[in-house]
Student: 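Please find one structure pasted underneath; my questions will follow.
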Amino acid sequence: MTKHPTLKRSTLGTINIDPLQRGGILTPEARQALVEWGDGYSVCDFCPGKLEDIKKPPIHDFVYRDLPEFLGTDHARVTNGAREGIFAVMHALSKKGGSVVLDGNAHYTSFVAAERAGLDISLVPVSDRPEYRIDPEGYRDVLEEKSGEEVVLAVLTYPDGSYGNIVDAKKVSSICSEYDVPLLLNGAYSVGRMPVAAKDLGADFIVGSGHKSMAASGPVGVLGISEPYHDLLLRRSRYNKNKEIELLGCTARGATIMTLIASFPRVLERVAEWGREVEKARWFASEMERLGMIQMGDKPHNHDLIFFEAPILYEISKHAKKGRFFLYKELKKRNIHGIKSGLTKYFKLSTYGLPEDDLRYVLDAFDEIISTTR
Ligand SMILES: *Cc1c(COP(=O)(O)O)cnc(C)c1O
């Protein structure tokens with residue numbers, strides 16, 4: 001007989017500073033929902049034929065009422081992740097010979113979504129170290145260069161997942177509208193953390209990631225759509241009049257959507273507390289700099305995802321017994337997890353939702369590691 005694998009998770013209970021994971025930690029309500037709705041297709045008990053129309057559990061109200069208001073769009077849908085939202089939009093807008101414009105800090109999923117949708121890609125350049133900035137005017141340059149060609153969509157990663165840089169989205173959207181190119185905001189790292197309303201920023205589409213930033217168990221995401229694109233994006237099957245083609249009929253049809261809904265009230269509250277999160281991130285970055293690390297990206301920083309260059313740790317790694325793995329091991333000894341194993345010279349981390357005491361503890365750990373292993 002096949003033995004059951006052991007499925008213990010060794011990182012439970014650590015102080016987790018992994019940017020990928022901080023915003024996806026479940027609320028108690030979501031954790032309970034995960035168990036309650038874990039059975040396959042449990043949400044479909046009373047389905048009238050379309051996921052969004054399910055009233056019990058209250059998916060209908062969430063998708064038609066709460067979500068569009070939260071995203072600042074006319075319409076919204078729950079997806080299986082940010083990338084699925086990006087792909088649905090690109091696929092719906094795709095044309096033969098068409099292309100998309102991405103910021104140079106775009107996530108790999110924007111690239112693969114465009115490739116899968118059969119679209120060429122042009123990039124808005126990124127400035128050099130240390131800022132890695134995207135100049136909104138870069139969109140104009142690229143769109144000017146591509147004039148006469150079929151640019152179906154522009155994407156702005158808001159913020160990007162490497163440096164946590166926040167670009168002036170209003171400027172980007174006004175440039176895009178001059179060229180009649182719709183704009184999609186990739187809010188995988190913003191929707192559910194910070195206030196972001198597509199309408200206020202002039203974006204036609206916005207995507208978010210439930211497991212990245214909305215305290216949900218993934219894969220799950222959200223997609224906001226402005227009125228002019230409703231019919232194109234949400235067109236229905238000729239054969240099954242309830243089913244939206246780009247969403248393959250039904251998206252998050254299980255526990256994932258229930259965790260998203262369960263955490264939503266808390267997510268609304270925490271978005272309102274964003275100012276405090278930025279303050280904490282800035283304080284943490286400046287303390288890290290006092291220890292010899294250098295913060296890259298926007299300065300002062302406007303997001304909890306922070307990228308550091310750490311020549312001091314790199315130097316230590318050259319002589320340390322465990323080599324480049326020393327940092328991971330030293331942090332692990334202190335119950336801190338989230339900086340990728342093997343990295344020393346460059347790494348990113350997140351301060352999101354961590355109490356000041358924990359952040360102080362992390363700083364003291366870095367201080368101690370530097371002074372004792374040097
Ligand atoms: C994490 C991330 C994604 C992917 O999110 P999924 O919900 O897992 O598809 C996309 N874009 C950015 C910028 C990200 O950081």
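From a predicted model like this one, the values you see are computed outputs, not experimental measurements. Residue indices begin at 1 and follow the sequence shown. Atoms within a ligand are numbered from 1 in the order they appear, just like the ligands themselves.
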Student: Identify, by atom number and element, the atoms of ligand 1 in contact range of His211, meaning under 4.0 Å from any of its heavy atoms.
Tutor: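 Result: 6 (P), 7 (O), 8 (O).
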
Student: May I ask you to list the atoms of ligand 1 that are less than 4.0 angstrom from any heavy atom of Ala188?
Tutor: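 With Ala188 as reference, the close atoms of ligand 1 come out as 2 (C), 3 (C), 10 (C), 11 (N), 12 (C), 14 (C).
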
Student: Ring-plane angle category for Tyr163 and Tyr132, please: parallel below 30°, perpendicular beyond 60°, tilted otherwise.
Tutor: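 It falls in the parallel class, under 30°.
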
Student: Which atoms from ligand 1 have a heavy atom of Thr157 less than 4.0 Å away?
Tutor: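 The atoms of ligand 1 under 4.0 Å from a heavy atom of Thr157 are 13 (C).
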
Student: Hey, are Asn186 and Thr157 close enough side-chain-wise for a donor-acceptor pair under 3.5 Å?
Tutor: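 No, no side-chain donor-acceptor pair sits under 3.5 Å.
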
Student: Could you note down all residue pairs passing salt bridge (Lys or Arg N to Asp or Glu O under 4.0 Å) where residues 229-247 supplies at least one of them, sequence neighbours left out?
Tutor: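 Listed once each, the pairs are Lys50-Glu244, Arg77-Glu244, Arg235-Glu246.
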
Student: Looking only at N/O atoms, are Tyr189 and ligand 1 under 3.5 Å apart anywhere?
Tutor: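 Tyr189 vs ligand 1: no N/O contact under 3.5 Å.
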
Student: Quick one: which of Val63, Thr256, Leu247 gives a side chain to side chain contact (heavy atoms under 4.5 Å, CB included) with Val78?
Tutor: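 Checked Val63, Thr256, Leu247 against Val78; only one passes side chain to side chain contact (heavy atoms under 4.5 Å, CB included): Val63.
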
Student: Should the ring pair Trp274 and Tyr352 be called parallel, tilted or perpendicular, given that the plane angle runs from 0 to 90° and is split at 30 and 60?
Tutor: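 Because their plane-to-plane angle lies in the 30° to 60° range, the rings of Trp274 and Tyr352 count as tilted.
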
Student: What residue and atom, counting heavy atoms only, is the protein's closest point to atom 11 (N) of ligand 1, and at what distance?
Tutor: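 I find the closest protein heavy atom is Asn186 ND2, 2.9 Å.
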
Student: Can a donor-acceptor pair be found between the side chains of Glu144 and Tyr179 at a distance below 3.5 Å?
Tutor: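 Note: Glu144 and Tyr179 side chains meet the donor-acceptor criterion.
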
Student: So which bit of Ala82 gets within less than 4.0 Å of ligand 1, heavy atoms only: side chain, backbone, both or neither?
Tutor: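 For Ala82, the contact with ligand 1 is made by both the backbone and the side chain.
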
Student: Is it the case that Lys212 places NZ or CZ above or below the six-membered ring of Tyr189, under 6.0 angstrom from the centre and within 45 degrees of the axis?
Tutor: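 Verdict for Tyr189: a cation-pi partner in Lys212.
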
Student: Select one of side chain, backbone, both or neither to describe which atoms of Ile86 lie under 4.0 Å from any atom of ligand 1, heavy atoms only.
Tutor: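 It is neither; nothing of Ile86 touches ligand 1.
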
Student: Classify the contact between Arg83 and ligand 1 as side chain, backbone, both or neither, using a heavy-atom distance cut-off of under 4.0 Å.
Tutor: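 The answer is both.
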
Student: Could you find the nearest protein heavy atom to atom 2 (C) of ligand 1 and give me its residue, atom name and distance?
Tutor: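 The closest one turns out to be Lys212 NZ, 2.5 Å.
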
